[in-house]
Every structure is written in structure tokens, then in C-alpha cells.
There are 2 protein chains.
Amino acid sequence: MDVRRLDLLRELAERGSVTAVAEATGRTPSAVSQQLKVLEREAGAPLTERSGRGIVLTSAGQALARSAADVAIALARADAVWDEFRNDPSGEVTLLTFPTIGATMLPAVLTELQQVPGLVVRATDFDPELAEFAELTADYDIVLAHTMPGVLPWGGRGLRVVPLLTEPLDIGLPATHRLAGRSHLTASDLVEETWLGVPPGFPFERILHAIEQQGGRRVEIAQRFSDMRIVEAFIQAGFGVAFVPRYTSGSLPPELVLKPLRGVPSARQIVALVRPDVAERLAVRTVLDVLVAKAAELGAGGAGTGA
Amino acid sequence: MDVRRLDLLRELAERGSVTAVAEATGRTPSAVSQQLKVLEREAGAPLTERSGRGIVLTSAGQALARSAADVAIALARADAVWDEFRNDPSGEVTLLTFPTIGATMLPAVLTELQQVPGLVVRATDFDPELAEFAELTADYDIVLAHTMPGVLPWGGRGLRVVPLLTEPLDIGLPATHRLAGRSHLTASDLVEETWLGVPPGFPFERILHAIEQQGGRRVEIAQRFSDMRIVEAFIQAGFGVAFVPRYTSGSLPPELVLKPLRGVPSARQIVALVRPDVAERLAVRTVLDVLVAKAAELGAGGAGTGA
DNA sequence: CACATCCATGTAGCGATGCTACATCGTCAG
DNA sequence: CTGACGATGTAGCATCGCTACATGGATGTG
């Protein structure tokens, strides 16, 4: 039972195709196929079977892949213990962020992490419309994701979920709006408004549905954007109101005001998703620690200005 | 961090010399030395340093070796899960036994294990005078050992200790002896006797010292043997009395009787020692299960005849 | 004190292993 | 039916880990 081959099987379980594993590991599909064949011979039972054009794991294959994941964790832990022993988090940590938190928190995080010698963070942002957060953990060490509280769609896959911040979603209004003087808003205030929504399927939608339920009628959604900059610009220009995350929007222009929503729970949960084996690495844990700390600062500071 | 190299470091931590590791793993010392050198380069810190003719692990090396042991466990567990999945304990289990238990229990154990297809047990006995039980776990999957209750000299090394049997040590007398009619014996009965002892350093000695303390004088030890057959023959021939393990002596001739000792705790603890990584293997666990079961039978049945 | 011995390590060379490049075969879509 | 895609076979090549042999330092002995 060679470890490298087991790891290949683990990748196959995650990615689902020989070609994808080959790309991810920098090999040709032929090489992957050969190694899996050897593993199958060693194991003494078929691990994959053809399914249309591709292959799927047999139940035996799935069982072995689970063990392979445990081995990967133990191996990563050995690395981590070693890093810790040398007190030197080594290597590169890749991080995927969605835009809002990327703009607000990441600069401070990376600044702090510059002081750790030998630690390199490679951050990338991504279009949240494509967000299949869980699958992205196969390609990035840390994936920053957001969801509604209570909904953790990625809990089941054995991912480690590190909560960073529970961020209230306020209502963004132009400073000239009739509701701009209020200390807070309710559902009935808002059902009359024209809204700037998010693309269908985004988590924010649920809150809008809750507002519709409480307000007793459907709201009008004029435009749908995922980019907050665009949304803010449209609010300022008077095209509607929208949810604006309280802490992670950065400094807002004076023409735009945020008002908390009452009566409808409106918040998003910001978490870091990590595969359990990469979570063992000291370098990764170091980055996670700073993320948690900075998020806490943001929550404390932001709560003061927002209330 | 290659696993094979880590495993070599683990072996080095256990065996203490490159040559020993080479012999144990079927390689030349040169090969081992080269691989350790590569590992050292990968790790980025010296793992060994010269000490006289040989080498010793640095503290860094010890730390890494500990992690290597954890990796070995995870890997063995993967094997075990796989074996269990196929419901087929595979491979060979090597077992080291001391003579008494080897004669009494092992035949029944191996008979039962013959019914498990694909499982091969290779048993060896060894001269208990050489007994450094713990070190022998490096070369054998299961090492049967005995010690006095409360004394577990091998607890500290991270070995798994599976208790099999607490076996009373009775006093063996010739059937013609003046004490042969008693239902039990005490220390004061025995300090007058001529004894057949064990070689110096054997665990039984402690009990003899306790008898001397309670009896108020030193006993005379005429001969010292480790082989129970010889001891039994000498008892029969009237050369003295001796400790005889109650259950594991097999069928005794009628010229020899066993009498329990009162007032002095006299028992030995029979255990199986297993390295934690090999303890994960299903094949090994299967053998252990049968050992435990047969030992329990022996204890139950033997207690009936002995009391 | 020289010598033999033991242990680790360095060097050259060989064989196994794992990869790439390319070809093939089956499956699905237009 | 044809083109694209995905898995898998084959040949060849580079790398890696091993052996055989030589070297050098430390130890204990005649």
C-alpha cells in the first residue's frame, strides 16, 4: 500500500475523474491511470468501474479513499509537528476570497503575516456566482465562504469550518431617502421599495423572502448584481435599496447610509473552509489564526460604528 | 517528507544504529545512511549526530521520529480498515513466546486460527534469560511476556500492553513432602525449605524476598533454573521446592503437587506486547483476540482445578 | 602503541519505477 | 455518422534507491 498511490485515490474520490486528478497533480492521465491500476492490484479488489465516458469509485474504492484521507491527515500532522518544532511555518498557503472580505480584511491580514518569515500567502479572489465553495478546497488551502447562519451546506463533506464573523446585513439607502432618518427599519418599511438584488440562488435571497412574508407582498427587484461596488453605486444613484454587509463594505461615501433591519434576522456567516489534512499544517493554521483575530477586531470595531 | 524515509527514521529511533536498521529492513547500511541524509536535507535540520562509533538522534530527530510513528499507525490503520472491508485478515503474524505459555496455550490458539483463511502465524520461542521483551517488539508482531502485577516496565515506551492472564504461582512439592497434605502454605512454612530458584534478575525472585521478609530468615537456594521442565524434575526428585505457575505448567505428574501460597501475593501477569502500529493490523488483532479468549478459558478452567 | 574491529558514510554503477508521448478504444452529442 | 472526450494501453526515457566496494574516525586489545 504505497502512500503516493493512496493519495492519488483520495484525489480521485474528490475530483471524480482521472483527467482532473492528472491536471491537479501535474501529470498525464496515463500516469494516473497506471498508478491506480497498480494500487488496485495491490489492494486485490477493483476500486473503480467505468461509467459512461468516465469512471466512478466502487464502494471498495470509496472505503479505501477514506482511509487514504486519514493517512494524508497523519502525514500533514507530521509536517505540522515538524514545523512547530522548528518554530518556522514553512511553505506557501493559497487562499481564495470573495470580493467584500477580500477588500476589507485581507490587507491587514497579509500585512501581519509579512512578519512571519518563510510564509508566503497567495490570495486570489473569485467570482462568487460560481461559488461551489466546498469543491474549491481541493485547489486552495483556505477558502473564505459566506452563508446564512444555521445553514452549513459543507458540513457533511468532512471539511473543517472555521467561523470568522457573523456579519449583520444592513439596508443601504441613499442619504436623501425618505427612510434615511430612521434608527432602524422593519419589513413593512421595505416592501414598498425598489430593490437591488443578488443573482438567483445567492444566500441573501432568503432574507428578502422573509421580508416579503412579513410585509405581506412581493418586493420589486429592479436589478441583480453580485459586485458590491456596483450595488453601492446604484443605491447612491437612487435606483433602489439593497442589503449591504455592515463590516466588510469598507468606508462608505456620505451619500450612502446603512440602517439595521429589525424583526427579520439578517446576517451572513463568514467562515473559512479547509480540508482537514491541510488544516494540520502550521503555515495554514497560522494564517487561520490571523484571519480569526482580524475578523474579531472587525466585528468589535464595526459593531461600535454600526450601532 | 517521504514516508519511507520517515519510517527509516522511526526504525533508527527504535534500534539505535544504522547497521541494525539496515539488517532489519534488508538493506545495506549505505542505503540507510543515504536515505537518512536525504531526509535530513528535506527536513532542513540535522537529525543525527555522531557519538563514538555510532550515531544518536538529535532532539529534532527524536521529535520527527515520534511523528513518523504516528504516520506508521495511520498507515497501518488504513491497511486494517481495508482488511476489515474485505473481511480477510491478510498477511503473516510473527509471535514470540516464552516456553511455559507456548506449551500450554499456543497449540489451541493456532488450531483455532487455522480456520482463518489467509492468516499465517509464525511462532517462535525464546530463551527467557535474554528477555528484553520490549525491544523484541521491533522484530516480532506479538511478544508474549510475563511480569509481576503492578510492575509494567514496558509501559513507558508507547507499546500496547494486552493483559492475557493473571496466573497464581503455587508452590510445587513432591507428593511425599511433609507439607503435601496442607490445603495451603504460608511464608513461615517455607523459609525452612530448600529452594529451586530462577536465575538472578528473574521476576519470581521478588516473591522469594517477600517470603524471606515474612518468614524472618533467608531461604536456601540450592539450584537455579529457568526451564520449568527441569525444575519440575528436580522437585519430584526431592531436591527442593519451587514456584510453579498454576495454569501454564500443563499436566503434572502425580508425584508433584501444587499448593497455593497464603499471605504473600504470588502471581505473574502474562501479557502480549505489541507496537501500536502493528496493533492496528486486522491480522494481528485477530490473533490477539484468540489469545485473550484462550487465556480466559485457561484462567476459568485452571482456577477450578487449582482451587 | 600498533592493530584489528566496528560503524557510518562516500562513490560508481545498475535495475526498478514512474513518468511522457503517442496510439487505441468506448461513449456520448450533434 | 462523425467529432470530441475520457480512460487506458505501449514504448522509451529519466530519476531514484539500491548494492558493492572503498574510506575514515572511534574503540578496545595484544
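Residue numbers begin at 1 in each chain, while the letters A, B, ... track the order of the sequences. These figures come from a predicted structure and were not determined experimentally.
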Could you check whether atom CZ of B:R229 has more than 12 heavy atoms from other residues, nucleotides or ligands sitting under 6.0 Å from it? no

Protein-nucleotide distance (B:D7, atom CG; D:dG17, atom C1'), rounded to Å: 16 Å

Check this one for me: any side-chain N or O of A:R5 less than 4.0 Å away from OP1 or OP2 of C:dG18? yes

May I ask you to say what A:G16 touches in the nucleic acid, namely base, sugar-phosphate or nothing, with a heavy-atom cut-off under 4.0 Å? nothing

Nearest-angstrom distance from the residue atom CZ of B:R4 to P of C:dT17: 10 Å

Which protein N or O atoms sit under 3.5 Å from an N or O of nucleotides 9-12 of chain D?
residue : atom : partner : partner atom : Å
D:dG9   : OP1  : A:K37   : NZ           : 3.1
D:dG9   : O6   : A:S30   : OG           : 2.8
D:dT10  : O4   : A:S30   : OG           : 3.3
D:dT10  : O4   : A:Q34   : NE2          : 3.3

Nucleotide D:dA26, atom P - distance to CD1 of B:I55 in whole Å: 15 Å

Between A:R53 and D:dC5, is there a side-chain N or O to OP1/OP2 distance below 4.0 Å? no

Determine: side-chain N/O of B:R50 to OP1/OP2 of D:dT27, distance under 4.0 Å, yes or no. no

B:L36 CG - D:dC16 P separation (whole Å): 18 Å

For A:S17, answer base if it contacts any base atom (sugar-phosphate contacts may also be present), sugar-phosphate if it contacts only those atoms, and nothing otherwise; contact means non-hydrogen atoms under 4.0 Å. sugar-phosphate

Taking any heavy-atom pair under 4.0 Å as a contact, classify B:T28: base, sugar-phosphate, or nothing. base

Solution key, residues 56-75 of chain A side-chain donor-acceptor pairs under 3.5 Å, sequence neighbours excluded:
residue : atom : partner : partner atom : Å
A:T58   : OG1  : A:P46   : O            : 3.0
A:T58   : OG1  : A:L47   : O            : 3.1
A:T58   : OG1  : A:A60   : N            : 3.4
A:T58   : OG1  : A:G61   : N            : 3.0

